[in-house]
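What follows is a single structure, written as structure tokens, with notes after it.
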Amino acid sequence: MSSSRPKTVQICLPGGNAGSVRVAEITSRTVQATGEYTEDGLVVRSGSKACLEVVPSITDSVERKRENLQEVFLSEEGVLEKEDGTLLFRQNHAFGSPSAAAGVVLSRSSNGWRDWTDREGRTLDEIERS
């Protein structure tokens, strides 16, 4: 059973400006993640939820990263935990790029510079690279 609700991804940019974007992919689940863009990459915050199921076109590198973050769950350093049909971030996790963070959250290849936006709908690319 599938609905036509788009995924929602949120990011908090420096200055506390929280926002959301509708990602173009249609899905049966709503994914909510918050993060902070820093000079070192993008930190997805604890409590964020990622899509549990992957799409067939997911790249090997994104799929490996998701698997690694789930496997370490058994240790005290674990990041992702399966909960209520999603993957829950148990702690803040830094990604080297916005695209890596978006790929793990959305379970597909992603251009994080385009997918992460603020409340006004401005992309991270528009805000940081202009």
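The figures that follow rest on heavy atoms only: side chains count, while hydrogens, waters and symmetry mates do not.
- Both Leu42 and Trp113 belong to a common hydrophobic cluster when Ile, Leu, Val, Met, Phe, Trp and Tyr are linked at side-chain heavy-atom distances under 4.5 angstrom.
- Shown here for Gly47 and Leu88, the closest heavy-atom pair between the two residues is O-CD1, 3.6 Å.
- In this structure, Ser110 and Gly103 approach most closely via the heavy-atom pair CB-N, 3.9 Å.
- Side-chain contact between Ile58 and Arg66 is present, with heavy atoms from C-beta onward closer than 4.5 Å.
- Put simply, the side chain of Glu81 does not reach to within 4.5 Å of the side chain of Leu87, judged on heavy atoms.
- Looking at residues two or more places apart in sequence or on another chain, you find no side chain to side chain donor-acceptor pair (under 3.5 Å) involving Ser48.
- Between Phe89 and Leu80 the shortest side-chain heavy-atom distance falls below 4.5 Å.
- Summarising the geometry, atom CG belonging to Leu69 is positioned 12.0 Å from atom CZ belonging to Arg90; distances are rounded to the nearest 0.5 Å.
- Contact detail for Leu124 and Pro98: the closest heavy-atom pair is CD2-CG, 3.6 Å.
- With sequence neighbours left out, the side-chain contact (heavy atoms from CB on, under 4.5 Å) criterion links Ser46 to Asn92.
- Residues Ser109 and Ser57 come closest through the heavy atom pair OG-O, 4.2 Å.
- Residues passing the side-chain contact (heavy atoms from CB on, under 4.5 Å) test with Ser61, sequence neighbours excluded: Thr59, Arg64.
- Hydrophobic clustering of Ile, Leu, Val, Met, Phe, Trp and Tyr side chains at less than 4.5 Å, counting indirect connections, unites Leu52 with Val79.
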